[in-house]
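The block underneath contains the structure these notes are about, expressed in structure tokens.
Keep in mind that this is a model prediction, so the values were computed, not measured. One is the number of the first residue; the rest follow in order along the sequence.
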Amino acid sequence: MKHATLPLLLTGLLTAPVLAQTTPPAGAPAAGQRPAGMPAQPAATAKPILSNTAKGSGRLEGTVLDAATKKPVEFATITLLPLSGNTPLDGGVCDERGRFKLQGLAAGEFRLQISFIGYATQTRNVTIGAGLTTVPAVSLESSAQKLGEVTVTGERDVIETKPDRIVYNAEKDITNSGGTAADVLRKVPLVNVDPEGNVELRGTSNVRVLINNKPSGVVASSVADAMKQIPADQIKSVEVITTPSAKYDGEGTGGIINIILKKNNLEGINGSVGLAAGTRSSNGNASLNYRKGKVGLSSSLSGFGFYSPNRNDLTRYLKDGSGNERLALEQQGDGNTLGGGGFGRLGLDYDPAQYHNLTLNVQGNLFRNSGNYGQFNNLLLPVADEFTRDTDRRFRTQSYDVNGSYTRTFEQKRREWSVLAQHTRNRNVQAYYLDQFAGRTTENAAKDYREESDNLSRNLETTLQTDYAHPFSETALLETGAKAILRRVSSDYDVFTSPLTGSNIDPVFNANRSNLFDYNQDVLAAYGTYGFSASKKVSFKLGARAENTRITGSFQQQQSDNSSVKQNYLSVLPNLSLSYQPQNPKKPGQTLRIAYSKRIQRPQIFYLNPFRNSSDSLNVSFGNPELEPELTNSYEINYTTFIKGSVLNLSAYARRTGNAIEAVRYIDRNGVNVQTFSNIGRNATFGTSLFTSVKPMPKWDVSGNLNVYYVSLKSPALSFEDGAINTAAYSNSGVMYNLNLNSSYKFEKGLSLQFFGGLNSPRVQLQGKQAAWTFYSLGLRKNLLKDKADLTLNADNFLSATRNLRSTLDTDQFRQESNNYIYLRGVRLAFNYRFGKVTQQAPKRRRSIQNDDVKQGSDGQSQQ
């Protein structure tokens, strides 16, 4: 079935007319599907999306309804065609009550085509006179094909570009089947995920990860661990927003990664079950959804397990005042990690009356891992010693989120008021138990030291928010809102060590290394944004956000190197964007966008936690509770165009961060390598990214992304341990890049093949660098049981068993080289089955909380 449609290219909340074209470009929204961010427009004033007719005084209006429910079909596409031929003459989009209206039409006889995704397209003849012509209500029949009672509703490209974001449609990428969210994020344009699961966006780890537009306790303590818990089969798409507007919280210097989970928007009962078995990980997941009339329920539950062997070695050289190096330490270690957990969610939405909507959502997770690690240490400086450590490490976390919202819409389109509330709780325990042996042995007779540690961290977060949007015209919109975030964080850590004297080595409580840290952070914020069109080609959006932050922190027993924390500051964060759509008939669909934003990023518990992790006595780490927030100025220019069915997106960007939080390493008086965090002087990044999506053949899709950037890191001289340890001023800079390629081909009889590959250059760090690494996967899928099930075979990094995440540290005190061999080869077989009888229902506008103002860290506190 063919019909002419035209993508609506929008910027922010503003619309501008786009010239007609006979076929949609790749990556454009399907017919009748409103692009994300497009404002609804009243039928009486809606602009046409194309207009090739001779001008006249004729008007045409009508209403589009669902044939089964008799409810309006929102945003259905209306196309006016000649009696013969398929070249569109005029067209538009229905409003939220299913109404349409075309104006300035010439009199005569035409064909009117009405279409929307999930419905059979209707065409009827109409005669237009000099005045108003009213078309009788059009009832669209659902075109849902029941695949053993399962609905299929149209295709999307794997990658879509939109004016303010890039969307990766994970459900269309078969290499994700049976994997985790970490596997999904590796394929998202502009996003980097290293072999340990740490997430970066355009070269910075200062990125906020949301789930369904909301913060989550799942990612509160560790993004890397959280990405292992969410099954890829439950992810619908991932949105990358690099320059959010002022209505977002301080979003992180890199931007926002928003993971959209699959949700039921269909009438009836439907669901799915899936099972995947692999060499590195296995999982099972299920979903069940119900919707009837005003009530909708959605639920999902998953469980997973993984196994990960690892091996590493480390060599350290100490420097004297002349820069000469002497070998100080050699370490070799190996071990394994076994873990698993579950993730579940339940959602309810209810429409008690027209223009009113209520939602309630609950989600939670459990995650456990444990591992045994053996390490031989040959210490040469400052005192020669040989010993072996056998360590059991355990990590346990659990969290839940409860959120609800009330949204009031109005007959005046785009006018909306909402109230939202959310409570998040995260609790995690890090523990280790170690035995130390003299020499290269683990014989019980050689055991001479024992140590145990237990760190309980809690993060409670309560949020209240209200937002209001008011349109002054079809091209002018004011948005305002206020928000309060109350955070209560604590870290209770106990350490038990062998006594310094006597022959008994059983651990006893060590008061000097144990403490209870409480940290409270209250943020009160208000924002305002105003978007308007200066002309048919140019539109603006400007705004500002004011945030007042109050912080108090204290230790139960004060220590000499710590003190209570008190901060109170006001931040004003402006935002500005300009969009230009030249409307060139030879190059339709062009958009040029320029944006500036100033954002704040506060440290999370990962960076603040003063717990001293000494499971490796020669490489320890701890947080810094006195950290101050980062402030970043971001600049971006972005150009998008469609060329013969291909998408091209080119952007240049710059970030300048003051007071930047960076890891700092030094050698203490006992020869121990210490890692902590500090607000260093300045970070600056200048880069460009290119994304393209092409279709060489009707069944072959290819997309790729290249990101090249220059980073400059600078830090002043720092002092630690009451001034006894001083580090020199540091600076480091260099050019980095990452690229990826995604290709899929659909064969006959439900068989498809997909490949993904990525390359990351060496990484520049403040005190060293990390080696380059690659990642690739190949997937083969076969549809079964009349397309209501599929079987997928995936292979990841199958040419080599491990990746060496090699890193080098180089300071004025020491030079250190480490090799961390991560096991990444994996093969998995996944089966998914879908069931249920459903019919299409147009999605409604929903509001959600987005707490994206804090800087998050990776798992644990044991980075080297």
Side-chain angles (χ1 to χ4, degrees), residues 7-18 29 32-49 61 63-64 71-78 92-101 103 116 162-165 213 241 244-248 349 351 353-359 405-420 465-482 527-536 538-543 575 577-579 581 591 593 842-850:
L8 306 181
L9 298 176
L10 306 164
T11 300
L13 295 170
L14 307 175
T15 57
V18 182
Q33 181 183 6
R34 182 177 66 162
M38 173 183 175
Q41 301 184 25
T45 59
K47 290 186 178 181
I49 61 174
E61 66 178 27
T63 303
V64 181
K71 293 183 177 180
V73 177
E74 304 172 355
F75 315 119
T77 299
I78 308 300
V93 178
C94 293
D95 65 15
E96 291 186 339
R97 291 196 288 177
R99 302 177 304 178
F100 66 87
K101 187 173 184 179
Q103 304 182 65
F116 188 63
K162 298 185 178 182
D164 64 338
R165 68 195 65 194
N213 293 303
I241 310 171
S245 70
K247 70 178 181 179
Y248 290 90
D349 63 82
D351 300 318
Q354 187 180 20
Y355 306 129
H356 299 269
N357 172 256
L358 297 169
T359 68
S405 69
Y406 165 72
T407 302
R408 171 73 161 92
T409 56
F410 300 85
E411 185 171 356
Q412 182 184 13
K413 301 310 167 188
R414 296 191 294 163
R415 184 185 175 194
E416 182 178 282
W417 174 59
S418 61
V419 179
L420 308 98
Q465 176 180 333
T466 183
D467 300 276
Y468 177 69
H470 188 89
F472 291 98
S473 69
E474 63 182 82
T475 60
L477 181 69
L478 175 68
E479 293 178 288
T480 60
Y527 75 90
T529 68
Y530 181 66
F532 63 96
S533 293
S535 68
K536 293 183 178 180
V538 180
S539 58
F540 291 88
K541 189 170 188 178
L542 52 89
N575 178 275
S577 67
L578 178 151
S579 294
Q581 293 176 310
T591 302
R593 181 173 182 263
K844 293 184 178 295
R845 290 180 288 174
R846 310 290 188 207
R847 283 283 187 178
S848 61
I849 281 178
Q850 297 172 325

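Note that the CG atom of Asp349 and the CG atom of Leu358 stand 9.5 Å from one another [nearest 0.5 Å]. Atom-to-atom distance recorded for Asn357:CG and Thr409:OG1 is 8.5 Å, nearest 0.5 angstrom. Taken from OG1 in Thr529 to CG in Leu542, the straight-line distance is 8.5 Å, to the nearest 0.5 Å. The OG atom of Ser418 sits 6.5 Å away from the CD atom of Gln465 when rounded to the nearest 0.5 Å.
For Thr466, the side chain to side chain donor-acceptor pair (under 3.5 Å) partners are Trp417, not counting sequence neighbours. Tyr406 pairs by the side chain to side chain donor-acceptor pair (under 3.5 Å) definition with His356, not counting sequence neighbours.
Not a single donor-acceptor pair under 3.5 Å links the side chain of Arg97 to the backbone N or O of Thr63. Counting only distance, with no hydrogens or angles, the side chain of Asp351 and the backbone of Ala353 share no donor-acceptor pair below 3.5 Å. Checked by atom type and distance alone, the side chain of Ser533 never pairs as donor or acceptor with a backbone atom of Lys536 at under 3.5 Å. Arg408 contributes no side-chain N or O that, together with a main-chain N or O of Val419, makes up a donor-acceptor pair within less than 3.5 Å.
Proximity of Phe532 to Phe472: side-chain heavy atoms (C-beta onward) are nowhere separated by under 4.5 Å. Using a 4.5 Å cut-off on side-chain heavy atoms (C-beta onward), Tyr355 and Glu411 make contact. Thr407 is listed as a side-chain neighbour of Glu416, based on a closest heavy-atom distance under 4.5 Å. Side-chain contact between Val64 and Phe100 is present, with at least one heavy-atom pair separated by less than 4.5 Å.
What you find for Tyr527 and Lys247 is that their closest heavy atoms are CE1-CB, 3.3 Å. Among all heavy-atom pairs drawn from Gly543 and Ala246, the shortest one is C-CB, 4.0 Å. Considering every non-hydrogen atom in both Cys94 and Ile78, the closest pair reads SG-CD1, 3.9 Å. Nearest heavy atoms, Lys413 versus Pro471: O-CG, 3.1 Å.
Ion pair Lys541/Glu479 flagged as a salt bridge, since at least one NZ, NE, NH1 or NH2 atom sits closer than 4.0 Å to an Asp/Glu carboxylate oxygen.
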Query raised in the report: Which is it for Glu61 and Gln103 under the side chain to side chain contact (heavy atoms under 4.5 Å, CB included) test, yes or no, and what are the steps along the way?
Result: CA-CA 9 Å; Glu61 66 178 27; Gln103 304 182 65; over 6 Å; no

